[in-house]
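Below: one structure, written as structure tokens.
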There are 6 protein chains.
Amino acid sequence: MSLTVYRKAHFNAAHRLFKKEWSDQKNREVFGKCSNPLYHGHNYELEVGVTGTVNPETGFLIDLKILKELIETEVEIPFDHKNLNKEVPEFENLNPTVENIAKVIYDKLRKKLDAKFEISVKLFETPRNFVVYTG
Amino acid sequence: MSLTVYRKAHFNAAHRLFKKEWSDQKNREVFGKCSNPLYHGHNYELEVGVTGTVNPETGFLIDLKILKELIETEVEIPFDHKNLNKEVPEFENLNPTVENIAKVIYDKLRKKLDAKFEISVKLFETPRNFVVYTG
Amino acid sequence: MSLTVYRKAHFNAAHRLFKKEWSDQKNREVFGKCSNPLYHGHNYELEVGVTGTVNPETGFLIDLKILKELIETEVEIPFDHKNLNKEVPEFENLNPTVENIAKVIYDKLRKKLDAKFEISVKLFETPRNFVVYTG
Amino acid sequence: MSLTVYRKAHFNAAHRLFKKEWSDQKNREVFGKCSNPLYHGHNYELEVGVTGTVNPETGFLIDLKILKELIETEVEIPFDHKNLNKEVPEFENLNPTVENIAKVIYDKLRKKLDAKFEISVKLFETPRNFVVYTG
Amino acid sequence: MSLTVYRKAHFNAAHRLFKKEWSDQKNREVFGKCSNPLYHGHNYELEVGVTGTVNPETGFLIDLKILKELIETEVEIPFDHKNLNKEVPEFENLNPTVENIAKVIYDKLRKKLDAKFEISVKLFETPRNFVVYTG
Amino acid sequence: MSLTVYRKAHFNAAHRLFKKEWSDQKNREVFGKCSNPLYHGHNYELEVGVTGTVNPETGFLIDLKILKELIETEVEIPFDHKNLNKEVPEFENLNPTVENIAKVIYDKLRKKLDAKFEISVKLFETPRNFVVYTG
């Protein structure tokens, strides 16, 4: 019996879309108001999916308490109330688009979750824009 | 033309996570407050997906009125305002985790829906925890 | 400058509508399936409003961190994953209708919040049924 | 790095389920109140998904501003505040079920988006009924 | 103990904003695309509030089952899947703006509910536009 | 016939809670992680309510298209994708708490809307924290 368990989480942060190798003018041309040098920000809503086999003894695929704590440790604590460009090392040389943030979250969780699980990361940047990344 | 039609439904119920073969103490160790012997409960939100071919004559994959009534008969009436452990026979010997509840719903609908359809069951236990089961 | 600050919270619990002074039959007649002796349950969604004057020095009406912790201590910890009828002393002799639960929450918060604040309690029993109590 | 970017949009419209080749009576038998000759209507909520490879230079899969404008041009402007049966040419001979509307939207976007992208269309007819079409 | 109990409901309908006394051209000037002579439509989301005193014997302000059935009889059955302009008598000479629809719903419920209750009607025409009417 | 019309809007922005007259250390003590000198940010969800008398000729309290454009001009354009502390003049000497942001929005709209209307401003800073200001 294979299924997927999901856990929602939340963080808010400041960011700007910005590529170091480009001039400020080129950043503005490509990324528009999202490249504001003084930053803007979002309430990021996150849904982590874990696919695997249900343990017939417990009826759990994964203990949701453990998944919740893992998301806190790997995502909420390092990202919440932060400036993604300046304070989150993964974005020192990586443009914090919603695509790249989802990938960074996936990679951090991938290292901590047993390889027997598949993972999906759904990340809302606004209520109207979101991405899904599955590795 | 193959697509998926979804219908949402709702039931609320009491349950406890509990494995008969284990002592109360071991149940408490593994399932924490979810194993409270006096029960707790949830508003379960359900989304049933049916995948198949659209009938070119009607433009329907399945008549949603029929799907709605099937979910009422198979899920809402037997589960709503019930104690899952004590009053729903499928859980007499099965721990009513959200994983297992989704599987039971899937199996009940699978028996009643034409084999030409694929089914998915998405079940929210809380607004932050949910599962998807596809057989 | 007078305004209202709101904080949302969540707990889930089992309950039954039940009046001790009545027979089981009369309870069933008045409360229907909500009086199931084996209980059912809900995800209760709570919105607490605090009305008062904004402190011109801080720009805060009340520190939301303090309000969040107060709701945890007074509502979430004593109510979450509990059987309201059996484990929450306020309902020992009080029918746990959504009206009465809202009143109990209001009374608990009223004792702890400065008298200069007005309070409102909005409580969802299901996504379609809710109450507002303002004392 | 392959992922899916989603953009939500909205339009509202009148329609009736109706097959020209059938008598009014047969339409009523098959489609019930949805075949009301004087029409009814919905707020259609749309989620368009675009799957592809993230451009390592920009960190974008597709510029969401361009996707937003494409949905406006292809869907919102021609469908919003319209009578689907009478004013949207695609439904002149096609019953505007939610299944068929999703397919029409998919086909319109498919013609305009680069073939390197996969597309998905999720369309809510009501908060409880929706479809997903992926071509 | 005075509080307010709320019940949500839903109907969908076609309408056009239209004043009989005006020419089509003037209707178009004032109401824009909302005056499309071929109609458009909405999923109307309704929240009815009933304010009064909680019965200390039952713990109910009003039996929500009775309120639910009243909304079905007075609003959902006569309005759902209808053309408001053509099929709902209250709008024969009244422009079906969301303001006027809320007032009509209020007046219908006011006649049926005991005068000891105050009533409020919240009506969403779209997820972004709504009104509250309290008599 | 007096009622309230509501319109929802959205903007996202960076900010920090910060009082110029205080040291960085005191700001950190009072405002915690919300005072991060490198900023964080939010998706602010706004609901503007306008209370008044419905025009019996049009059935409108206020043309929602005009209200929508006013919110765009006064709030969305000057606030969206901005650093509130650095780029929005109203916060040059005012701490951008959600309380103060709501007040600034109220004051801007108050100047532009006819005095015959009452106004309310509901502002969500996160899905769990929000305020209502009515002047």
Side-chain angles (χ1 to χ4, degrees), chain A residues 7-18 24 27-47 68 72-73 75-92 95-98 101 122-131, chain F residues 7-18 24 27-47 68 72-73 75-92 95-98 101 122-131:
Chain A
R7 173 73 195 171
K8 290 194 192 178
H10 173 91
F11 60 93
N12 58 66
H15 81 150
R16 65 176 295 203
L17 300 190
F18 179 65
D24 262 2
N27 272 290
R28 191 77 189 187
E29 279 166 26
V30 175
F31 300 123
K33 61 185 176 181
C34 300
S35 195
N36 180 352
L38 290 167
Y39 308 102
H40 62 286
H42 299 288
N43 298 325
Y44 291 93
E45 299 288 334
L46 173 66
E47 290 179 23
K68 179 191 172 191
E72 279 172 6
T73 309
V75 184
E76 292 180 306
I77 291 170
F79 288 22
D80 189 45
H81 282 79
K82 293 286 166 56
N83 182 310
L84 298 179
N85 302 70
K86 293 286 184 192
E87 297 182 289
V88 178
E90 285 84 355
F91 301 109
E92 196 181 332
N95 191 5
T97 59
V98 64
I101 303 171
K122 187 177 195 171
L123 185 66
F124 287 78
E125 188 172 70
T126 72
R128 301 209 148 206
N129 293 345
F130 59 103
V131 302
Chain F
R7 172 75 195 169
K8 291 194 193 178
H10 174 92
F11 61 94
N12 58 66
H15 80 150
R16 67 176 295 204
L17 299 190
F18 179 65
D24 262 3
N27 272 290
R28 190 78 190 186
E29 279 166 27
V30 175
F31 300 124
K33 62 184 176 181
C34 300
S35 195
N36 181 351
L38 290 167
Y39 309 101
H40 63 286
H42 299 288
N43 297 325
Y44 291 93
E45 299 288 334
L46 173 66
E47 290 178 24
K68 180 192 171 191
E72 279 171 6
T73 308
V75 184
E76 292 180 307
I77 291 170
F79 288 22
D80 189 45
H81 281 79
K82 293 287 165 57
N83 181 311
L84 298 179
N85 303 68
K86 294 286 185 192
E87 297 181 289
V88 179
E90 285 85 355
F91 301 109
E92 195 180 332
N95 190 4
T97 60
V98 64
I101 303 171
K122 186 177 196 171
L123 184 66
F124 287 80
E125 189 171 70
T126 72
R128 301 210 147 205
N129 293 345
F130 59 102
V131 301

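Each chain gets a letter, A, B and so on, in the order the sequences are listed, and its residues count up from 1. The figures here come from the full heavy-atom set of this structure, side chains too, leaving out hydrogens, waters and symmetry mates.
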Heavy-atom donor-acceptor pairs under 3.5 Å, chain F with chain A:
| unit_1 | atom_1 | unit_2 | atom_2 | d |
| --- | --- | --- | --- | --- |
| F:Ala13 | O | A:Gly41 | N | 3.3 |
| F:Lys33 | NZ | A:Asp80 | OD2 | 2.9 |
| F:Asn36 | ND2 | A:His81 | O | 2.9 |
| F:Asn36 | ND2 | A:Glu87 | OE1 | 2.7 |
| F:Asn36 | ND2 | A:Glu87 | OE2 | 3.4 |
| F:Leu38 | O | A:Asn83 | ND2 | 2.8 |
| F:Gly41 | N | A:Ala13 | O | 3.3 |
| F:His42 | ND1 | A:Asn43 | OD1 | 2.9 |
| F:Asn43 | O | A:Asn43 | ND2 | 3.1 |
| F:Asn43 | OD1 | A:His42 | ND1 | 2.9 |
| F:Asn43 | ND2 | A:Asn43 | O | 3.1 |
| F:Asn43 | ND2 | A:Glu125 | O | 2.9 |
| F:Asp80 | OD2 | A:Lys33 | NZ | 2.9 |
| F:His81 | O | A:Asn36 | ND2 | 2.9 |
| F:Asn83 | ND2 | A:Leu38 | O | 2.8 |
| F:Glu87 | OE1 | A:Asn36 | ND2 | 2.7 |
| F:Glu87 | OE2 | A:Asn36 | ND2 | 3.4 |
| F:Glu125 | O | A:Asn43 | ND2 | 2.9 |

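- Top candidate by heavy-atom pairs under 4.5 Å with chain F, chosen from A:Gly32, A:Gly41, A:Ala14, is A:Gly41.
- Residue F:Phe130 comes nearest to F:Phe124 through the heavy atom pair CD2-CE2, 3.4 Å, listed as atom of the first residue, atom of the second, then distance.
- With sequence neighbours excluded, no residue forms a ring-ring contact (aromatic ring centres under 6.0 Å, His included) with A:Phe91.
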